[in-house]
Colleague: 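Let me give you the structure first, and then I'll get to my questions.
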Amino acid sequence: DTLLEANNYAHCLLSLRRFDQARPLLLKTLAVAQRALDNGYETTLRLSWHYARALYENTSATLDELREGVTTLEETTQTARRVLGGAHPLL
């Protein structure tokens, strides 16, 4: 699955702290996942979490980027709890 591979690649970029490379990849891939799957799919949720990480873990992030990262994380966590349930291992 192409979306899963893009998610794995983005995860590697984040692990290497290459936020400037991960962010555009995640934005593009997340848009495709939202159109093709929906926000409730695990792959879409993972992409959203990684996008939030690309924003809030970046020490060069602006205040607006940090806010966007926190908002994305809060919304994604809320969606995951609603769709997957609070006992799901991702939460």
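Excluded from the calculations below are hydrogen atoms, water molecules and symmetry mates; all remaining heavy atoms, backbone and side chain alike, are included.
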Colleague: Is it true that Val83 and Trp49 fall in one hydrophobic cluster, defined by side-chain heavy atoms closer than 4.5 Å?
Modeller: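 As far as the 4.5 Å side-chain criterion goes, Trp49 and Val83 are connected within one cluster.
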Colleague: Do you know the tightest heavy-atom contact between Leu25 and Ala6?
Modeller: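 Shortest heavy-atom contact: CD2-O, 4.0 Å.
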Colleague: With rounding to the nearest 0.5 Å, note down the distance linking CZ in Arg82 to OG1 in Thr77.
Modeller: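 Rounded to the nearest 0.5 Å, the CZ-OG1 separation comes out at 12.5 Å.
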Colleague: How far does CG of Leu55 sit from CG of Leu66, to the nearest 0.5 angstrom?
Modeller: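 The distance works out to 8.0 Å.
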Colleague: Does Thr2 reach the side chain of Val32, with side-chain heavy atoms less than 4.5 Å apart?
Modeller: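 A side-chain contact is absent here, since even the closest heavy-atom pair is not under 4.5 Å.
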Colleague: Which heavy atom of Ala22 sits nearest to which heavy atom of Ala10, and what is that distance?
Modeller: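 So the minimum-distance heavy-atom pair works out to CB-O, 4.4 Å.
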Colleague: Between Glu65 and Tyr56, do the side chains contain an N or O donor and an N or O acceptor separated by less than 3.5 Å?
Modeller: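 No - no donor-acceptor pair under 3.5 Å links their side chains.
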Colleague: Working to the nearest 0.5 Å, report the span between CG of Leu26 and OG1 of Thr72.
Modeller: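 One finds 11.0 Å between CG of Leu26 and OG1 of Thr72.
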Colleague: Find the distance between CG (Leu47) and NZ (Lys28) and round it off to the nearest 0.5 Å.
Modeller: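 Leu47 atom CG to Lys28 atom NZ measures 13.5 Å (nearest 0.5 Å).
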Colleague: Please round to the nearest 0.5 Å and tell me the distance separating atom CZ of Arg53 and atom CG of Leu13.
Modeller: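 So the gap between those two atoms works out to 10.5 Å.
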Colleague: Is a side-chain N or O of His50 found less than 3.5 angstrom from the main chain of Arg46, in a donor-acceptor match?
Modeller: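 Yes; at least one donor-acceptor contact below 3.5 Å.
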Colleague: If we ignore hydrogens and angles and just use 3.5 Å, is the side chain of Arg17 paired with the main-chain N or O of Glu57 as donor and acceptor?
Modeller: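 Flag set: sc Arg17 to bb Glu57 pair under 3.5 Å.
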Colleague: So how far is it from Thr76 OG1 to Leu30 CG, rounded to the nearest 0.5 Å?
Modeller: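 Those atoms lie 8.0 Å apart.
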Colleague: Going by heavy atoms in the side chains, are Asn7 and Thr29 under 4.5 Å from each other?
Modeller: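 A side-chain contact under 4.5 Å is absent here.
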